[in-house]
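For reference, the structure is listed below as structure tokens.
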2 protein chains.
Amino acid sequence: MTKRRLPALSPSETEILRLVWLLDKATVQNVCDKLPAGRKISYATVQTLLRRLEKKGYLKHHIRGKAHVFSAAVKREAVIKRSVGDFLDRLFGGDPVPLMQYLAEHGKIDADDIERLKRLTDKK
Amino acid sequence: MTKRRLPALSPSETEILRLVWLLDKATVQNVCDKLPAGRKISYATVQTLLRRLEKKGYLKHHIRGKAHVFSAAVKREAVIKRSVGDFLDRLFGGDPVPLMQYLAEHGKIDADDIERLKRLTDKK
DNA sequence: CAGTATATCGTACATTTGTACAAGCTGTCA
DNA sequence: TGACAGCTTGTACAAATGTACGATATACTG
């Protein structure tokens, strides 16, 4: 099994990668259209980011007409796992509990979220 | 109230900042000593990172003997809040539930934790 | 007081990141 | 078929990042 370590994701790359995941398959234009309203960033920049994501191994593409259609080259799960892991290490020394507490105490998650979550984990 | 927006933290800076928080007050040497075993990074590099953290406004220092003693210049809480917020935005579009879910599914957090969490948020 | 161990300071430098323009292809529609 | 809208490619470039050396300053120790 080739569990090779892809080059790290930069913040902006992560932001773009998330949108590709969301769209499943996406052209540069598609990604641009999905950018949050306030995000002022040019088509060309999105394109560069997608190019880099592909070079780094996170995306692949096929051609449709004259456009590139990008899609995930590695499982989202795996990327999330690593990103969260790295983040946890850096900010909390790897201990997830403080993060959870933070989320709870700062209203990032509310009672409803907990309910949903409870259902999710119970089901497992 | 001066809620100014400090320059973003880089991953390595975050890593070092966490150690200063942990130590409360720390010299370059102290930080080096707290680095996890595998982390190969020179004294000089740690020093640069601390310098940058101070320039960015996250740390301040006073002198003790010939050494600088660094400590937090802004509340850890505030930094955490922003870091987690940014991270959540980039990777999950701001929705914390998938993150919690990830934590849950990887055995980092179990049903009991969620129960406690529920109580925590209910009480608020 | 002079030497030594320990600090900081100034600086450097290759990469990565964020951002984007300009030039050159290529479907498509009139 | 020829022009045009829409894409990609090549390239650029300043700023941030990760990493660290060499020179200089300074507190202790004998």
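Residue numbers start from 1 in every chain, and the chains themselves are labelled A, B, ... in the order their sequence lines are given, proteins ahead of strands.
- Rounding to whole angstrom units, NZ of residue A:K66 and P of D:dC4 are separated by 14 Å.
- Dashed line: the shortest gap from a side-chain N or O of A:S10 to OP1 or OP2 of C:dG18 is under 4.0 Å.
- Checking side-chain atoms of B:Y58 against main-chain N and O of B:R52 turns up no donor-acceptor pair under 3.5 Å.
- In this structure, B:P7 reaches neither bases nor backbone, as no heavy-atom distance under 4.0 Å exists between it and the strands shown.
- Atom CG of A:N30 and atom C1' of D:dG6 are 13 Å apart (whole Å).
- Looking at B:K56, its side chain does come within 3.5 Å of a backbone N or O of B:A8 through a donor-acceptor pair.
- The phosphate of D:dT19 has OP1 or OP2 within less than 4.0 Å of a side-chain N or O from B:R39.
- Atom CD of B:E15 is separated from atom P of D:dG18 by 9 Å (rounded to the nearest Å).
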*Test side chain to side chain contact (heavy atoms under 4.5 Å, CB included) on A:T27 and A:H68 and set out the steps.*
CA-CA 6 Å; A:T27 62; A:H68 285 189; over 6 Å; no
Distances for protein N/O vs nucleotides 20-23 of chain C N/O pairs under 3.5 angstrom?
| residue | atom | partner | partner atom | Å |
| --- | --- | --- | --- | --- |
| C:dA20 | OP2 | A:S42 | N | 3.0 |
| C:dA20 | OP2 | A:T45 | OG1 | 3.2 |
| C:dA20 | N7 | A:T48 | OG1 | 3.4 |
| C:dA20 | N6 | A:T48 | OG1 | 2.7 |

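- For D:dA16, the OP1/OP2 oxygens have no side-chain nitrogen or oxygen of B:K55 closer than 4.0 Å.
- A straight line from CD of A:E13 to C1' of D:dT17 spans 14 Å, rounded to a whole angstrom.
- When all heavy atoms are compared, the tightest approach of A:G57 to A:A73 is O-CB, 3.5 Å.
- Checking the phosphate oxygens (OP1, OP2) of C:dT17, no side-chain nitrogen or oxygen of A:S12 falls inside 4.0 Å.
- Between A:Q29 and D:dC7 there is a side-chain N or O to OP1 or OP2 distance below 4.0 Å.
- Of all the heavy atoms in A:F92 and A:P98, the pair that sits closest is CD2-CB, 3.6 Å.
- Every residue two or more places apart in sequence or in another chain that forms a salt bridge (Lys or Arg N to Asp or Glu O under 4.0 Å) with A:R82 is listed here: A:D86.
- Put simply, B:Y43 has no side-chain N or O that comes within less than 4.0 Å of OP1 or OP2 on C:dT6.
- B:K56 places its NZ atom 15 Å from the P atom of D:dA15, with the value rounded to the nearest Å.
- Note on B:H61: every side-chain N or O is 4.0 Å or more away from OP1 and OP2 of C:dT8.
- A:E15 pairs in a side-chain contact (heavy atoms from CB on, under 4.5 Å) with only one of the listed residues (A:L9, A:L49, A:L35), which is A:L35.
- Put simply, NE2 on A:H68 is 11 Å from C1' on C:dC25, counting in whole angstrom units.
- If you take CG of B:L50 and P of D:dT17, they are 15 Å apart, rounded to a whole angstrom.
- Rounded to whole angstrom, the span from the CZ atom of A:F70 across to the P atom of D:dC7 amounts to 12 Å.
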